[in-house]
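Below, chains carry the letters A, B, ... as their sequence lines are ordered, and counting in each starts from 1. Both backbone and side-chain heavy atoms feed into the values below; hydrogens, waters and symmetry mates do not.
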Number of protein chains: 2
Amino acid sequence: MGLAKTEMFTDQQNEIALFAKVFGHPARVSILQHLFKINSCVCGDLVNEIGLAQPTISQHLKELKLLGLIKGSVEGTSVCYCIHKENWIAMKSVMSQFLNQDITQENKCC
Amino acid sequence: MGLAKTEMFTDQQNEIALFAKVFGHPARVSILQHLFKINSCVCGDLVNEIGLAQPTISQHLKELKLLGLIKGSVEGTSVCYCIHKENWIAMKSVMSQFLNQDITQENKCC
DNA sequence: CATATTAATCGTAATATTGCAATAGATTAA
DNA sequence: TTAATCTATTGCAATATTACGATTAATATG
């Protein structure tokens, strides 16, 4: 079906999955790393940097923006995208809780 | 196309994306949380716990196993699945590096 | 205004993902 | 061996994702 049955999971589980999904494509990982590195950006740079077509990059940026992980402001004919730091920190908190579940006890089997 | 152009990204970027992708579905998030919670498991439990059909759960388990995040051992007619702790820690290291990129400097714009 | 520049949107093709019914495989118990 | 139990696999339908050419929208510049 291609459609996840989100209604049978908790809000927290769905939120984790949504964040993870957006990181589930190397182009978006690359975009975010680049934005962190140069600490400021325009879309055209990313097209050159990454090598996908402009509409493709634009679409990936849209998804990142939709989740609030980046923000963009118009600068003349170009758009300046950068990390939305407050939201990034909030996202990290959600993901860290998931990644750092208690791993100390011994398994009862396996 | 539905096909990511992985060849234009680094191994690290592709690895992050692969891990993230597997967390990109709430059923797999839920399965992992349940495995952490009870610290031992069989597939039948998960079918009752999560509410998806048995083949669906089995398929999600397969993906988690493929990435090495869980391991399963046959126990009679059932299979005992649990977190692969060493691999989980290794995965956490990769994901943490990505999530904890330097966020301290001020943006040059935005 | 006309043109250039840059990013967003639309439309579409190819592929991937999700979910489950039906079935097969494996193991135990009688 | 047969039946019961549990998990994996197959096959398929519905939806999602990815990528990009063509186009549009918005803003600057001459």
Side-chain angles (χ1 to χ4, degrees), chain A residues 1-9 13-14 17-31 35 40-67 70-82 109-110, chain B residues 1-9 13-14 17-31 35 40-67 70-82 109-110:
Chain A
M1 313 212 161
L3 174 61
K5 294 195 160 179
T6 55
E7 73 282 0
M8 45 180 37
F9 303 103
Q13 287 164 342
N14 283 314
L18 277 181
F19 282 131
K21 204 167 178 181
V22 90
F23 298 143
H25 193 292
R28 291 189 291 264
V29 170
S30 175
I31 287 171
L35 288 181
S40 148
C41 204
V42 290
C43 180
D45 286 1
L46 289 167
V47 173
N48 296 331
E49 182 77 18
I50 293 176
L52 292 170
Q54 179 266 323
T56 308
I57 298 290
S58 187
Q59 196 172 284
H60 284 308
L61 287 168
K62 189 178 174 184
E63 287 176 63
L64 290 168
K65 199 173 175 184
L66 199 68
L67 270 190
I70 64 175
K71 53 186 172 181
S73 56
V74 177
E75 302 261 332
T77 58
S78 62
V79 177
C80 173
Y81 276 113
C82 60
C109 68
C110 300
Chain B
M1 313 212 163
L3 174 60
K5 294 196 162 178
T6 56
E7 73 282 1
M8 46 180 37
F9 303 102
Q13 287 164 341
N14 283 314
L18 276 180
F19 282 132
K21 204 167 177 181
V22 90
F23 298 143
H25 193 293
R28 291 188 290 263
V29 170
S30 176
I31 287 171
L35 288 181
S40 148
C41 203
V42 291
C43 179
D45 286 2
L46 289 166
V47 173
N48 296 332
E49 182 77 16
I50 293 177
L52 292 170
Q54 180 266 323
T56 307
I57 298 290
S58 186
Q59 197 173 284
H60 284 306
L61 287 169
K62 189 180 175 182
E63 288 176 64
L64 290 168
K65 199 173 175 185
L66 199 68
L67 270 190
I70 64 175
K71 55 186 172 183
S73 56
V74 177
E75 301 260 334
T77 58
S78 61
V79 177
C80 172
Y81 276 112
C82 60
C109 68
C110 302

### Task
Apply side chain to side chain contact (heavy atoms under 4.5 Å, CB included) to the pair A:V42 and A:E75, showing each step before the final yes or no.
CA-CA 9 Å; A:V42 290; A:E75 302 261 332; 5.8 Å; no

### Message
Need one value for B:S78: base, sugar-phosphate or nothing, where a base atom within 4.0 Å counts as base even if backbone is also close, heavy atoms only.
### Response
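Contact class for B:S78: sugar-phosphate only.
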
### Message
Once you apply a heavy-atom cut-off of 4.0 Å, does A:L52 come out as touching a base, just sugar-phosphate, or nothing?
### Response
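Sugar-phosphate: the residue A:L52, judged by heavy atoms under 4.0 Å, touches backbone atoms but no base.
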
Nearest to the side chain of [X] - [options]?
X     : options                : answer
A:K21 : C:dC20, D:dT17, C:dT27 : D:dT17
B:V42 : D:dT27, D:dT7, C:dT15  : D:dT7
B:Q59 : D:dA8, C:dT9, C:dG19   : C:dG19
A:P55 : C:dT9, C:dG19, D:dA8   : C:dT9

Provide, to the nearest angstrom, the distance between the [atom1] atom belonging to [X] and the [atom2] atom belonging to [N].
X     : N      : atom1 : atom2 : value
B:L46 : D:dA8  : CG    : P     : 10 Å
B:K71 : D:dT7  : NZ    : P     : 19 Å
A:K62 : C:dC10 : NZ    : C1'   : 10 Å
A:R28 : D:dA19 : CZ    : P     : 8 Å
A:E75 : C:dA8  : CD    : P     : 13 Å
B:E63 : C:dG19 : CD    : P     : 10 Å

Report yes if a side-chain nitrogen or oxygen of [X] is closer than 4.0 Å to either non-bridging phosphate oxygen (OP1 or OP2) of [N]; otherwise report no.
X     : N      : result
B:K5  : D:dC20 : yes
B:H60 : C:dT17 : no
A:T56 : D:dC20 : yes
A:Y81 : C:dT6  : no

## Note on the structure
Assign each of A:T77 and B:A27 the nucleotide of DNA chain C bearing its closest heavy atom; nearer the 5' end lies the nucleotide of A:T77

### Query
Do B:Q54 and D:dA8 share a donor-acceptor pair, side chain to base, under 3.5 Å?
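For B:Q54, whose side chain was compared with the base of D:dA8, there is a donor-acceptor pair (under 3.5 Å).
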
### Task
Have a look at B:Y81 and tell me which of B:D45, B:I31, B:I70 forms a side chain to side chain contact (heavy atoms under 4.5 Å, CB included) with it.
B:I70

### Query
Under 30°, 30 to 60°, or over 60°: which ring-plane class applies to A:H25 and A:H60, parallel, tilted or perpendicular?
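A:H25 and A:H60: tilted rings.
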
